[in-house]
Amino acid sequence: MGFNERVWQLTKRIPKGRVTTYRILAAKLRTKAYRAVGNALNKNPYSPRVPCHRIVRSDGGVGGFARGTRKKIEMLEKEGIKIKRNKIVSFEKILYKFN
DNA sequence: GCTTTGACTCTCG
DNA sequence: TCGAGAGCCAAAG
């Protein structure tokens, strides 16, 4: 199993209405390649099956999205997550840390 | 096969 | 508050 697949595996575990960060994902993979995590999600081939929109920046910012940041925000809000000026509201409340 | 780029993050000033 | 620099890894050129 390659690096990318491990990223996608973890991403699939994020519950609806929650988010996690690139940093946490990388930590779970025992690596500091935060950028590589983003790179993997960017070209995620399992689009609907892997909720890549639930990954955000460590500072609570929305980050990027293959089909536009706007789209990402829409999807998140549809799950009950509120976003203000590209920032997650109550970020720490809904942050999923894989316990 | 080396260089650049990127949905990143941390530390300094 | 903000930007530059460094660190890290995978993919594309």
Side-chain angles (χ1 to χ4, degrees):
Chain A
M1 181 180 276
F3 180 84
N4 290 350
E5 293 177 0
R6 278 183 286 172
V7 172
W8 300 324
Q9 275 295 316
L10 284 175
T11 303
K12 280 195 301 187
R13 295 170 43 181
I14 305 172
K16 179 185 173 195
R18 307 290 298 279
V19 298
T20 194
T21 70
Y22 300 96
R23 177 157 71 84
I24 293 173
L25 239 41
K28 270 293 166 188
L29 297 177
R30 308 279 185 273
T31 180
K32 289 159 194 148
Y34 315 114
R35 312 185 67 194
V37 173
N39 203 340
L41 293 172
N42 178 37
K43 42 185 118 166
N44 145 42
Y46 305 89
S47 299
R49 293 194 286 146
V50 176
C52 42
H53 58 281
R54 294 184 190 143
I55 316 297
V56 297
R57 296 181 53 102
S58 65
D59 60 358
V62 173
F65 197 59
R67 292 160 54 229
T69 305
R70 294 292 308 277
K71 267 299 188 191
K72 184 169 182 175
I73 292 176
E74 285 178 25
M75 296 177 81
L76 290 173
E77 294 196 314
K78 192 175 295 186
E79 297 186 355
I81 299 172
K82 300 194 191 293
I83 296 168
K84 184 110 178 182
R85 286 179 313 222
N86 280 16
K87 292 277 188 180
I88 307 289
V89 178
S90 305
F91 175 55
E92 310 206 343
K93 310 272 185 191
I94 62 177
L95 183 57
Y96 185 64
K97 298 170 184 161
F98 295 94
N99 302 313

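By convention in this document, chain letters (A, B, ...) are assigned in the order of the sequence lines, proteins followed by strands, and residues within each chain are numbered from 1.
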Per [X] side chain, nearest of listed nucleotides [options]:
| X | options | value |
| --- | --- | --- |
| A:Ala66 | C:dC8, B:dC10, B:dA7 | B:dA7 |
| A:Arg57 | B:dC8, B:dA7, C:dC8 | B:dC8 |
| A:Ala36 | C:dC8, C:dA10, B:dA7 | C:dA10 |

Could you tell me the separation between the [atom1] atom of [X] and the [atom2] atom of [N], rounded to a whole number of Å?
| X | N | atom1 | atom2 | value |
| --- | --- | --- | --- | --- |
| A:Leu25 | C:dA10 | CG | C1' | 15 Å |
| A:Arg23 | B:dA7 | CZ | P | 20 Å |
| A:Leu10 | B:dA7 | CG | C1' | 17 Å |
| A:Trp8 | B:dA7 | CH2 | P | 16 Å |
| A:Arg70 | B:dA7 | CZ | C1' | 17 Å |
| A:Leu29 | B:dC8 | CG | C1' | 14 Å |
| A:Tyr22 | C:dA10 | OH | P | 17 Å |
| A:Asn86 | B:dC8 | CG | P | 12 Å |

Sorted by chain and number, sequence neighbours left out, salt bridge (charged side-chain N to carboxylate O under 4.0 Å, His left out) with A:Arg57 holds for A:Asp59
With a 4.5 Å limit on heavy-atom distance, are the side chains of [X] and [Y] in contact?
| X | Y | answer |
| --- | --- | --- |
| A:Asn39 | A:Arg35 | no |
| A:Val56 | A:Leu95 | no |
| A:Trp8 | A:Leu41 | yes |

**Prompt:** Which residues within residues 38-52 of chain A lie with some heavy atom under 4.0 Å of an atom in DNA chain C?
**Reply:**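 A:Asn39, A:Lys43, in order of number.
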Once you apply a heavy-atom cut-off of 4.0 Å, does A:Thr31 come out as touching a base, just sugar-phosphate, or nothing?
sugar-phosphate
Margin query: Using a heavy-atom cut-off of 4.0 Å across all strands, would you classify A:Phe3 as base, sugar-phosphate, or nothing?
Written below: sugar-phosphate
**Request:** Report the C-alpha distance between A:Thr31 and A:Phe3 in whole Å, list the side-chain angles of each, state the deciding distance to 0.1 Å, and finish with yes or no for side chain to side chain contact (heavy atoms under 4.5 Å, CB included).
**Result:** CA-CA 10 Å; A:Thr31 180; A:Phe3 180 84; 4.0 Å; yes
ask   = Is there a path of hydrophobic side-chain contacts, each under 4.5 Å between heavy atoms of I, L, V, M, F, W or Y residues, that connects A:Ile94 with A:Val62?
value = yes
Would you say B:dC10 has OP1 or OP2 under 4.0 Å from some side-chain N or O of A:Ser58?
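Checking A:Ser58 against B:dC10: at least one side-chain N or O falls below 4.0 Å of OP1 or OP2.
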Query - 5'-most by nearest nucleotide on DNA chain C - A:Lys32 or A:Asn4 - result: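 Nearest-nucleotide comparison on DNA chain C picks A:Lys32.
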May I have the step-by-step check of side chain to side chain contact (heavy atoms under 4.5 Å, CB included) for A:Val89 and A:Ile83, ending in yes or no? CA-CA 5 Å; A:Val89 178; A:Ile83 296 168; 5.7 Å; no
Assert: residue with more 5' nearest nucleotide on DNA chain B, out of A:Arg35 and A:Asp59, is A:Arg35
